[in-house]
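Before any comments, here is the structure.
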Amino acid sequence: MSVVESQVSIQLPDGSVKQFPAGATCRDVAAGIGAGLLKAAVAAVVDGVVVGLDYVLPLGQPVALQILTKKDPAALGVMRHSCAHVMARAIMRLRQGTRLAFGPTIEGGFYYDFELAEPLTDNDFPAIEAEMRRLIALDEPFERLERSLDEAIQLCQDLDQPLKVEHLQSGLAEHEQVSFYRQGEFLDLCRGPHIPSPKWIGAFKLLSIAGAYWKGDQSRQVLQRVYATAFFTQEDLDAHLQRIEEAKRRDHRVLGRQLGLFHIDDMVGQGLILWTPKGSIVRQELQDFISQHLKRQGYSQVFTPHVGKLDLYRTSGHFPYYQDSQYPPLIDRDQLAALAEEGCDCAKLSDLMKSGDIDGYLLKPMNCPHHIKIYQSQPRSYRELPLRLAEFGTVYRFEQSGELGGLTRVRGFTQDDAHLFVRPDQVADEIRGCLELVKIVFAAMGMEDYHVRVGLRDPHSDKYVGSDENWQQAEAACREAAATLGKPFSEEPGEAAFYGPKIDFVVRDCIGRHWQLGTVQVDYNLPERFDLSYTGSDNRPHRPIMIHRAPFGSMERFVGVLIEHFAGVFPLWLAPEQVRLLTVSEKSVDYAQQVEAEFRAAGLRVSSDYRGEKLGGKIRDGQLEKVPYMVIIGPRDAEAGTVSVRDRHEGDLGAMPVAAALQRFVDEIREKRVRQVAQLAPPPEQTVVANEY
RNA sequence: GCUGCUGUAGCUCAGUGGUAGAGCACUUCCUUGGUAAGGAAGAGGUCAUGGGUUCAAGUCCCAUCAGCAGCUCCA
């Protein structure tokens, strides 16, 4: 063995190379660099992999090594996972017989899944937190143990941890060696890495409790998941909790009620949105905006009904493929009566419906079948294509009750839908046109924070319709078009629609949830199912290709996301109430009414506050109701023919002639100016370290 | 759909098995004022719904409905 091979050789981030004797750990390296670094060291990165300080460095070839301190985003992830161990240890001490599942680091914190005889509630949090604080104060080190697979299985059996045993036998069966981490009496199967000791856990808090299926499988038992977070300092934790509070305040469900934008009523039904006058204005402005662009791009507006016969959806595939997520069909009254007469039970009825032996109507789950029938209503020539049919079409889907919430997941919603019937040579251009529209919409809202996802077929699933060849063509077309966007995009198998691949636009809301908004989908299958054709220049029939697209997704979801995006402060052109007139006292009401009439005649959405309140109180009310402009009118204004304009963002702008104020408002509306997008302070950076097997 | 929590005035929320509460909003009166809360009085309730326990239930138990968090799903 040469000298080089019997030594550890490392390269530090500054490029310098150092040698250490065999068996050296990352801690030894830190110590070799300096006592200060040794004291500050939390973990290390070796050749790009985050490891603990006790990691024994390999002999031979030099490795890149970086010591992590709490300033490094990856260190936060390591510490949080260690805190998850402390939490699990505390719960096991408080609850005998607790079975451990998984406890990874996630964005913003960590969780741990448990199987317990008696469920935990958040009333248990103080006791758990107190026990955790006690355990942290003991400052016992995290100690790594390596075991062979068989030893590990035996160990977990001895520890009475059946979930860990199962995981070792199934998920980790191909591993020869696995690792455990010990802290005091607590021993847990874990890949690591961990912080050296819990003294690094500066501040933590248990946040919530929820159910989660074992291994994410709906057919397995439900475990209890405890969510929590941890930071190196109390200040960071406080800031984090403050961000959560701030995010709650701009939740569209909260703002929607405060600002009177929409209402959901038990008597109408779950997930069915009632648009109030104010919310309707926002929606109508958006629809008008998109309609303008549709006209420019050569779309034809159509209207179709809310129901269609079952056969239509049998042909399209919606009824057989997605029965569970549809409202049950509406059945012909006489047919139903006749069946009842025969003593037909519900199960039989359901079978008859499936087999097509009785007919009925379905609340439409999608608009495409209706649009297809418009296409088919007359013979089509290649000269007519592309035919672009657009509709603000309302569709109904019976989403699982646990999924519903606010405007973002509902049972009835209106898509800004369109279907393009195109020749093969037009597909690429038309997809690009659709993407262009999406870009226009997002740019108009000042929405920069979205990502593009190309949804492909899951090769292992059989939920898709159509030939392999069609799918390959369509997927290639989507990839190609997405590449022209100039934004990085991800390819995600399993995210395709059942009839074709798609390009989705995904945004994040204020509490970190991701929502799919706009979508563009290429479809070779529905044209085939409906036997669509057009006459080509060769005077022979050809099959068109369909493109489904909805740049807003649905009006409901889009408005919900917009409420949060603007934190309820809409740009002037969208604001339900654009200008509010406030009188300084009742002496100025007559003049204010003249101004009000003038503003209204110019098309502004004006309201007035002529109450006998003091001006400060009226301003406060207007500000809380997020009115973009308040126009204050007092005796001085009546005298001079002016108004005093108060801008929600900038405050008092001073007195100006009525015409000047009007011009300002009209210009801002015409330009659809977006003046301010609400930003939440960014959280401290954390790299999520994969610390679960 | 699953697990857990919650449901009291329009809103935000107190409420110990024994007479239903507060703040804000609302109505009326007083106040007539210049850029984030002037004062007073009044009105407002089937304590989500349906059962049960109890002399007595907003409070304890069960079911249903709905909301929230998460899981699973999302054409």
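Order of the sequence lines fixes the chain letters, A, B, ..., with proteins taken first and strands second; residue numbering starts at 1 for each chain.
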Could you go through nucleotides 32-35 of chain B and list every protein N or O atom that sits under 3.5 Å from one of its N or O atoms, giving the distance for each pair?
residue : atom : partner : partner atom : Å
B:U32   : O2'  : A:K587  : NZ           : 3.2
B:U32   : O2   : A:S585  : OG           : 3.4
B:U32   : O2   : A:E586  : N            : 2.8
B:U32   : N3   : A:E586  : OE1          : 3.2
B:U32   : O4   : A:E586  : OE1          : 2.7
B:U32   : O4   : A:E586  : OE2          : 3.4
B:G33   : OP2  : A:K587  : NZ           : 3.3
B:G33   : N7   : A:V584  : O            : 2.7
B:G33   : O6   : A:G612  : O            : 3.4
B:G33   : N1   : A:G612  : O            : 3.4
B:G34   : O6   : A:P635  : N            : 3.1
B:G34   : O6   : A:R636  : N            : 2.4
B:G34   : N1   : A:D637  : OD2          : 2.8
B:G34   : N2   : A:D637  : OD2          : 2.9
B:G34   : N2   : A:S644  : OG           : 2.5
B:U35   : O2'  : A:R646  : NH1          : 3.2
B:U35   : O2   : A:R646  : NH1          : 2.9
B:U35   : O4   : A:S644  : OG           : 3.4

Please produce a list of atom pairs where a protein N or O lies less than 3.5 Å from an N or O of nucleotides 7-13 of chain B.
residue : atom : partner : partner atom : Å
B:U12   : OP1  : A:R257  : NH1          : 3.0

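Here, B:U72 and B:A14 have their C1' atoms 37 Å apart, quoted to the whole Å. The separation of B:U32 from B:A43, taken at their P atoms, amounts to 27 Å, rounded to a whole angstrom. Of the P atoms belonging to B:C11 and B:G4, the separation is 28 Å, rounded to the nearest Å. B:C29 sits 47 Å from B:A69 when the C1' atoms are compared, rounded to a whole Å. Annotation: B:A48 and B:A57 have their C1' atoms spaced 16 Å apart (nearest Å). Remark: the separation of the C1' atoms in B:C13 and B:U53 is 29 Å, to the nearest Å. Annotation: B:C5 and B:A9 have their P atoms spaced 22 Å apart (nearest Å). On the C1' atoms, B:G7 is 15 Å away from B:G45, given to the nearest whole Å.
Under the salt bridge (Lys or Arg N to Asp or Glu O under 4.0 Å) criterion, A:R257 pairs with no residue at all, not counting sequence neighbours. Judged as a side chain to side chain donor-acceptor pair (under 3.5 Å), and not counting sequence neighbours, the contacts of A:W515 are A:D509. Among residues two or more places apart in sequence or in another chain, the salt bridge (Lys or Arg N to Asp or Glu O under 4.0 Å) test is passed with A:R411 by none. Partners of A:R457 according to the salt bridge (Lys or Arg N to Asp or Glu O under 4.0 Å) rule, which considers only residues two or more places apart in sequence or in another chain, are A:D468.
Taking atom OH on A:Y610 and atom C1' on B:U31, their separation rounds to 21 Å, with Å as the unit. Atoms CG (A:L206) and P (B:C5) sit 16 Å apart, rounded to a whole Å. With rounding to whole Å, A:Q323 atom CD is found 17 Å from B:G1 atom P. One atom, CG of A:L624, and another, P of B:A25, lie 10 Å apart when rounded to the nearest Å.
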Criterion side chain to side chain contact (heavy atoms under 4.5 Å, CB included) on A:L261 and A:L255, from CA distance to verdict = CA-CA 8 Å; A:L261 297 171; A:L255 287 173; 5.6 Å; no
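Ring-centre distance between A:Y464 and A:F498: not below the 6.0 Å cut-off. For A:Y499 and A:H548, the ring centers sit closer than 6.0 Å to each other. With ring centers used as reference points, A:W471 lies 6.0 Å or more from A:Y524. The ring of A:H419 has its center no closer than 6.0 angstrom to the ring center of A:Y375. Within the 6.0 Å centre-distance limit, the rings of A:F558 and A:F552 are counted as a close aromatic pair.
A salt bridge links A:E495 to A:R453: at least one charged side-chain nitrogen sits closer than 4.0 Å to a carboxylate oxygen. Using a 4.0 Å cut-off between charged side-chain N and carboxylate O, A:R314 and A:D311 make a salt bridge.
Counting only Watson-Crick and G-U wobble pairs whose two key distances fall under 3.5 Å, RNA chain B forms stems of three or more stacked pairs at B:1-7 with B:65-71, B:10-13 with B:21-24, B:26-30 with B:38-42, B:48-52 with B:60-64.
Distances shorter than 4.0 Å separate none of the side-chain N or O atoms of A:Q224 from OP1 or OP2 on B:U3.
Every pair passing salt bridge (charged side-chain N to carboxylate O under 4.0 Å, His left out) that includes a residue from residues 623-645 of chain A is listed here, sequence neighbours excluded: A:R580-A:E625. Sorted by first then second residue, the salt bridge (charged side-chain N to carboxylate O under 4.0 Å, His left out) pairs that include residues 211-228 of chain A, not counting sequence neighbours, are A:D113-A:R225, A:E166-A:R220.
Remark: A:Q221 CD is packed, more than 12 non-hydrogen atoms of other residues, nucleotides or ligands lying under 6.0 Å away. Remark: A:F125 CZ is packed, more than 12 non-hydrogen atoms of other residues, nucleotides or ligands lying under 6.0 Å away.
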Take nucleotides 42-48 of chain B nucleotide by nucleotide from the 5' end and write B, S or -, depending on whether a protein heavy atom sits under 4.0 Å from the base, only from the sugar-phosphate, or from neither.
-> -------
Each nucleotide of nucleotides 68-75 of chain B classed B (base within 4.0 Å of a protein heavy atom), S (only sugar-phosphate) or -, in 5' to 3' order, makes SBBBBBBB
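Within residues 101-126 of chain A, the residues having any heavy atom closer than 4.0 Å to RNA chain B are, in order of number, A:T121.
Atom CG of A:L100 sits about 4.5 Å away from atom OH of A:Y112, to the nearest 0.5 Å.
When each of A:R664, A:R648, A:R646 is checked for a side chain to side chain donor-acceptor pair (under 3.5 Å) with A:Y629, only A:R664 meets the rule.
Proximity of A:E115 to A:T98: side-chain heavy atoms (C-beta onward) are nowhere separated by under 4.5 Å.
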